[in-house]
Every structure is written in C-alpha cells, then in structure tokens.
Novice: 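Let me give you the structure first, and then I'll get to my questions.
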Amino acid sequence: MAQPEVEPLEPLPEDWQRGLAVVAHPDDLEFGAAAAVGRWTGQGKEIIYCLVSSGEAGIDGIPPERTRAIREREQRESAALVGVPTVEFLGLPDGLLEYGVALRREIAAMVRRHRPDVVITNNFRDTWDGAYALNQADHIATGRAVPDAVRDAGNRWIFREQLVDGVEPWNRVRQVWAATSPQSRHGVDVTATFERGVASLRAHEEYLRGLGNGGLDPEEFLEGISRPAGTRLGVRYGAAFEVFHFDLF
C-alpha cells in the first residue's frame, strides 16, 4: 500500500544575526527547539532566552521557592549546552499566566531591549497534534502574546514608559517562529546538532525526574518529533516551526 505523501517543510531563512526566544517555562525550548538553537549559535548568531516564569509550580513534590532555584539553575545549564549565555527570567507566576496587556508589556520591553531580528516561541495552538493532544494554558497565553508584543515594541505610543535611558521602539523583527506547532510549514536541519539538543533536555534532570511518569527518555522523545520533521525536510533530523511574518508590511 502506498504511503501518504507528507507536506515538505520550507527551510527557514538564516540570514539574520540576533534572536530572542520567549517561552513560558524552563524546559519549553528543550522540548523541540534547542537543537535548532545549537545550530544557529554554531553559525555565530546570538540568541537570548527569556523565560516568562521560573516553572516553580512544575514539581509536585518540591515547594515552589525551592523548585524556582532548581529550574533556573537547570535552564542556565541547559542553555549553555547550546551556546546561549544569556538567560533572563521575568518572574511571572507559573501556571497562572494570562494573555493580556500586562504580559504584552513585559515581552515588548524585552524586544525593545534586545532588538532581535527574529523572535522564537513555542506552539500556542490549542493542541500539539492538531487534534487531541491538548496544549497547556501558559504556553497558549505566552505564545499568543509574543506576536502582539512584537508589534507593540515597534509603536512608540504603546508602553511609552519604557522609552527611557536610551530605550527606543524596535520595529525590525522580521518574523516570529513558533516551534513544534501542528501548523508548521517551515523547518531547519538539526541533524548535526541533535545530540546537543538531547543534552540540553537532559540538563533538566530534577524536573524530568519530578514528572513521575516512569522515566521520559530525552533522546527517544526528541527522535519522535525530529525524525518526522526531518523527513519533511529530506534530512535525518529536523525542527519544525510555524512562521508569522512582520517583514511583509
């Protein structure tokens, strides 16, 4: 029986220099995008991580304040493994993130300060597979806020209180990329950096142990999403992204 054809992924552009990655929790980037980050930092690009929360509600058996310290440490170690030295935490409450003006304000400030060419976030569709695997509320709130905050950052009349001490509007973000979206149409070959991506997920050791699911294997999990994306790119391993354009206007 003939196998159904898969829709090819279009390669992401790589003619940019600075990226800002904004996600809800420590570990969010490692569940799909970190190998791509490792590829880009290997090309000499600069990428900054911004974590909206510190994931302090993420380990059931450990109180939030102790979990906060654990997860911030693990995220910094994980980021370093893919060439990211700058990791910032906004300190918003894990599990209680809400889409709205307050979240847009925080993210717009990061965009204005770091002045990226592209902004990376995670899937913010209702599901992971376009059908049944429900996404999590913090991911949806953060991802939805990112494109709006990118627009806000370029408008000098929005969040005017931020425009002090040399901070200026920034309207040069070309695209926002949402990793592992079920509506991905673009991707990047991560064959050469797949193992770095695995190592970066393994760095979240205490968090993964705290999931209590009997032992998630980082390599097996990442293979499960990287091989299908790679097939759509015509390579061994790939990372898939949904692209939102700001360079068309």
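Being a predicted model, the structure only gives us computed values, none of them experimental. Only this structure's heavy atoms are used, side chains among them; waters, hydrogens and symmetry mates stay out.
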Novice: Under 4.5 Å between side-chain heavy atoms, chaining through other members, with only Ile, Leu, Val, Met, Phe, Trp and Tyr counted: pull out the rest of the cluster around Ile140, sorted by chain and number.
Specialist: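 Besides Ile140, the hydrophobic cluster comprises nothing; the residue is isolated.
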
Novice: Using every non-hydrogen atom in the two residues, find where Pro26 and Leu51 come nearest and quote the distance to one decimal.
Specialist: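 Looking at all heavy atoms of both residues, the closest pair is N-CD1, 3.6 Å.
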
Novice: For the residue pair Ala34 and Val82, what are the closest heavy atoms and their distance?
Specialist: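 Taking every non-hydrogen atom into account, O-CG1, 3.5 Å.
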
Novice: Could you work out, with side chain to side chain donor-acceptor pair (under 3.5 Å) as the rule, every residue matching Arg76, not counting sequence neighbours?
Specialist: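 Checked Arg76 against side chain to side chain donor-acceptor pair (under 3.5 Å); zero matches.
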
Novice: Taking Val190 as the starting point, is it possible to reach Leu233 by hopping between hydrophobic residues whose side chains are less than 4.5 Å apart?
Specialist: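 Looking at the clustering, Val190 is in a separate group from Leu233.
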
Novice: Where do Asp94 and Gly55 come nearest, in terms of heavy atoms and distance?
Specialist: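 Shortest heavy-atom contact: OD2-C, 3.0 Å.
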
Novice: Treating Ser181 as the side-chain partner and Asn123 as the backbone partner, does any N or O pair qualify as donor plus acceptor under 3.5 Å?
Specialist: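 No, Ser181 side chain to Asn123 backbone: no donor-acceptor pair under 3.5 Å.
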
Novice: So does Val22 get a backbone contact from the side chain of Thr121, meaning a donor-acceptor N/O pair under 3.5 Å?
Specialist: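 Yes, Thr121 side chain to Val22 backbone: donor-acceptor pair under 3.5 Å.
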
Novice: Given salt bridge (Lys or Arg N to Asp or Glu O under 4.0 Å), test Arg185 with Glu10 step by step and report yes or no.
Specialist: CA-CA 6 Å; Arg185 300 291 182 268; Glu10 181 179 340; over 6 Å; no

Novice: Inspect the surroundings of CD in Glu98 and state if more than 12 heavy atoms from other residues, nucleotides or ligands are less than 6.0 Å away.
Specialist: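 Not buried by this count: 12 neighbours or fewer within 6.0 Å.
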
Novice: Can Ile48 and Arg18 be said to form a side-chain contact (heavy atoms from CB on, under 4.5 Å), step by step?
Specialist: CA-CA 8 Å; Ile48 299 100; Arg18 179 176 292 181; 4.1 Å; yes

Novice: How would you list all residue pairs meeting ring pair (Phe, Tyr, Trp, His ring centres under 6.0 Å) that involve residues 149-178, not counting sequence neighbours?
Specialist: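 The answer is Trp16-Trp177, Trp40-Trp177.
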
Novice: For Met110 and Glu106, what are the C-alpha separation, side-chain angles and deciding distance, and is it a side-chain contact (heavy atoms from CB on, under 4.5 Å)?
Specialist: CA-CA 7 Å; Met110 294 293 292; Glu106 294 279 357; over 6 Å; no

Novice: For Asp138, does its backbone N or O pair with a side-chain atom of Gln136 as donor and acceptor, under 3.5 Å?
Specialist: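 Checking the backbone N and O of Asp138 against the side chain of Gln136, a donor-acceptor pair under 3.5 Å is found.
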
Novice: Apply side-chain contact (heavy atoms from CB on, under 4.5 Å) to the pair Leu97 and Thr142, showing each step before the final yes or no.
Specialist: CA-CA 7 Å; Leu97 301 180; Thr142 299; 3.5 Å; yes

Novice: Taking the side chain as every heavy atom from C-beta outward, state whether Ile70 and Tyr207 have any pair of such atoms under 4.5 Å apart.
Specialist: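 No. Closest side-chain heavy atoms not under 4.5 Å.
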
Novice: What about Phe124 and Tyr99, are their ring centers closer than 6.0 Å?
Specialist: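 Not close enough - the centres of the two rings lie 6.0 Å or further apart.
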
Novice: Mind checking what makes side chain to side chain donor-acceptor pair (under 3.5 Å) contact with Asp15, not counting sequence neighbours?
Specialist: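 Listed in chain order: Arg174.
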
Novice: Can you tell me if Thr191 uses its side chain to pair, donor with acceptor, with the backbone of Tyr237 under 3.5 Å?
Specialist: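 Side chain of Thr191 to backbone of Tyr237: a pair is present.
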
Novice: Just to verify, what does Leu163 make a side-chain contact (heavy atoms from CB on, under 4.5 Å) with, not counting sequence neighbours?
Specialist: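 In terms of side-chain contact (heavy atoms from CB on, under 4.5 Å), with neighbours along the sequence ignored, Leu163 is linked to Arg112, Arg156, Val167, Pro169.
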
Novice: Of the non-hydrogen atoms in Ala108 and Gln162, which two are nearest, and what is the gap between them?
Specialist: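 That would be C-OE1, 4.0 Å.
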
Novice: Please report the closest heavy-atom contact between Asp117 and Gln17, naming both atoms and the distance.
Specialist: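 Closest pair (atom of Asp117, atom of Gln17, distance): OD2-N, 3.0 Å.
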
Novice: Hey, mind stepping through Tyr132 and Thr127 against side-chain contact (heavy atoms from CB on, under 4.5 Å) and telling me if it holds?
Specialist: CA-CA 6 Å; Tyr132 306 110; Thr127 70; over 6 Å; no

Novice: Excluding sequence neighbours, so at least two apart, what forms side chain to side chain donor-acceptor pair (under 3.5 Å) with Glu56?
Specialist: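 Partners of Glu56 under the side chain to side chain donor-acceptor pair (under 3.5 Å) test: none.
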
Novice: Go through the steps for Arg71 and Glu74 under the test salt bridge (Lys or Arg N to Asp or Glu O under 4.0 Å), then give the verdict.
Specialist: CA-CA 5 Å; Arg71 300 204 70 193; Glu74 289 187 337; 5.4 Å; no

Novice: May I ask you to decide if Asp189's main-chain N or O and Arg39's side chain share a donor-acceptor pair within less than 3.5 Å?
Specialist: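 It does hold such a pair.
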
Novice: Counting only heavy atoms not in Glu161, do more than 12 fall under 6.0 Å of its CD?
Specialist: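 Yes, the 6.0 Å shell around CD holds more than 12 heavy atoms from other groups.
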
Novice: Is there a donor-acceptor pair closer than 3.5 Å between any side-chain N or O of Ser78 and the backbone N or O of Gln75?
Specialist: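 No.
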
Novice: Does the side chain of Gln175 come within less than 4.5 Å of Phe241's, by heavy atoms?
Specialist: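 When only atoms from C-beta onward are counted, Gln175 and Phe241 do not touch, as no gap falls below 4.5 Å.
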
Novice: Whether the side chain of Ser226 engages the backbone of Glu223 through a donor-acceptor N/O pair (distance < 3.5 Å, no angle test) should be reported.
Specialist: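 Such a contact is absent between Ser226 side chain and Glu223 backbone.
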
Novice: Is it true that a side-chain atom of Glu7 and a backbone atom of Arg232 form a donor plus acceptor pair closer than 3.5 Å?
Specialist: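 No, Glu7 side chain to Arg232 backbone: no donor-acceptor pair under 3.5 Å.
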
